[in-house]
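So you know, we letter chains A, B, ... as the sequences are listed, proteins then strands, and number each from 1. Every value quoted in this text rests on a predicted model; they were computed, and no experiment measured them.
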There are 2 protein chains.
Amino acid sequence: MYERKTPLTIDCGLHLTKEVLNGKWKPALLNAISMNVKRPSELLRLFPGATRRVLNVQLKELEGHGMVEKKTYPQLPPKVEYSLTEIGWSLMPIIDAMNQWGDANRSFLETVITQDPKIVETSKAICPMYKRMSVVPKIG
Amino acid sequence: MYERKTPLTIDCGLHLTKEVLNGKWKPALLNAISMNVKRPSELLRLFPGATRRVLNVQLKELEGHGMVEKKTYPQLPPKVEYSLTEIGWSLMPIIDAMNQWGDANRSFLETVITQDPKIVETSKAICPMYKRMSVVPKIG
DNA sequence: CAGAATCCACCAGGATACTG
DNA sequence: CAGTATCCTGGTGGATTCTG
């Protein structure tokens, strides 16, 4: 069983972190960017369930929170690249942990979550794409 | 800098985890319960910003997802106690990581988040209580 | 290719009041 | 003490359209 080391705080840091990760696509965006999927059009392709607008909004929030850096090349056609900041990178262990936990408990989670009428499509929507991307994208 | 071990998946497990933790008070609730704050009235006191109704809803979802177990004592007055299931406990490293990350970057985060008009009160609302609870609650 | 402006639907979650 | 019903609103995020 899991042993807690620091029983100090209740949830304050928790809420700050939750704020940063608050948004349907933010963890996924951070994850993707960390894997060198850094251009808007690529991200858009990666998340068929998301609109350009929504992605832009969430990326802007991530940028505003200092997790992501945006580089705009003044060309025609325009080119934009996102990258993780240092603090953004420091978030990756959490993202990875979430990813691994979800994967490790997939069968159970899919069962209990499918009971729930609301989420089904949302969580499923992403999975096919995840198959397609099983090969690490190499861009840039 | 952080080294990624498994560049395999993109975000599928991520979404499952996000689903489970999806809800304003869920991580905080799990955290509290893990620290033996297990009775509804205590939880209610712990989160002044939350209504009984909302807490009930989120607890019921957590229960439905198998993260939490609810024990009802058929007494008068009624007594209810929540506890983490095994899989619920397996979530704690993630919660702790979020907590620690938020704490470690508190000053920075509070700055960048306060730029944002919307969140301010939400994240602040919890903090005073966190002071009061700096001593680990001993109940049950 | 990238982004901004509008419009809008939906639901999470807050307020209130009542029951056991 | 615990739970539920009802009502309501604010914000997220989806669809669409237009510019550079």
Query raised in the report: How would you label the contact of Q58(B) with the nucleic acid (heavy atoms, under 4.0 Å): base, sugar-phosphate, or nothing?
Result: sugar-phosphate

Side-chain atoms of N56(A) come closest, of dC7(D), dA15(D), dG3(C), to dG3(C)

So what does K60(B) hit on the nucleic acid, given a heavy-atom distance under 4.0 Å: a base, only sugar-phosphate, or nothing?
sugar-phosphate

### Task
Show the numbers, then the answer: is there a side-chain contact (heavy atoms from CB on, under 4.5 Å) between L59(A) and K70(A)?
CA-CA 9 Å; L59(A) 282 165; K70(A) 179 180 184 174; over 6 Å; no

Is any N or O donor-acceptor pair between the side chain of R53(A) and the base of dG3(C) shorter than 3.5 Å?
-> no

Here the distance between atom P of dA12(C) and atom CD of E61(B), to the nearest Å, is 7 Å

| message | Taking the side chain as everything from C-beta on, heavy atoms only, tell me whether K71(A) gets closer than 4.5 Å to V80(A). | response | no

Side-chain heavy-atom pair T17(B), N105(A) within 4.5 angstrom cut-off | no

Taken to the nearest whole Å, NZ/K24(A) to P/dG11(D) is 19 Å

From the candidates dG14(C), dA2(D), dG14(D), the one with an atom nearest any side-chain atom of W25(A) is dG14(D)

Taking dA2(C), dT16(C), dA2(D) as options, the one with an atom nearest any side-chain atom of P78(A) is dA2(C)

Atom CG of L44(A) and atom P of dG13(D) are separated, to the nearest Å, by 16 Å

Picking from dC1(D), dA2(C), dG13(C), the nucleotide nearest the side-chain atoms of S41(B) would be dC1(D)

*Can a side chain N or O of K79(A) be found less than 4.0 Å away from OP1 or OP2 on dG20(D)?*
no

Looking only at dT4(D), dG3(C), dT16(C), the nucleotide nearest the T51(B) side chain is dT16(C)

Rounded to whole Å, CD of E81(A) lies from P of dG3(C) at a distance of 12 Å

**OP:** Looking at every strand, decide which applies to V80(B) at a 4.0 Å heavy-atom threshold: base, sugar-phosphate, or nothing.
**Re:** sugar-phosphate

Rounded to whole Å, CD of E19(A) lies from P of dT12(D) at a distance of 9 Å

message: If you apply the rule side chain to side chain donor-acceptor pair (under 3.5 Å), what do you find for W101(B) with S90(A), and how did you get there?
response: CA-CA 8 Å; W101(B) 186 85; S90(A) 75; 2.8 Å; yes

Notebook entry, point to check: Quick one: are D96(A) and Q100(A) in side-chain contact, heavy atoms under 4.5 Å?
Noted result: yes

Separation of dG3(D) atom P from R39(B) atom CZ, nearest Å, is 10 Å

Separation of dC1(C) atom P from K38(A) atom NZ, nearest Å, is 18 Å

R52(B) atom CZ is separated from dC1(D) atom P, nearest whole Å, by 8 Å

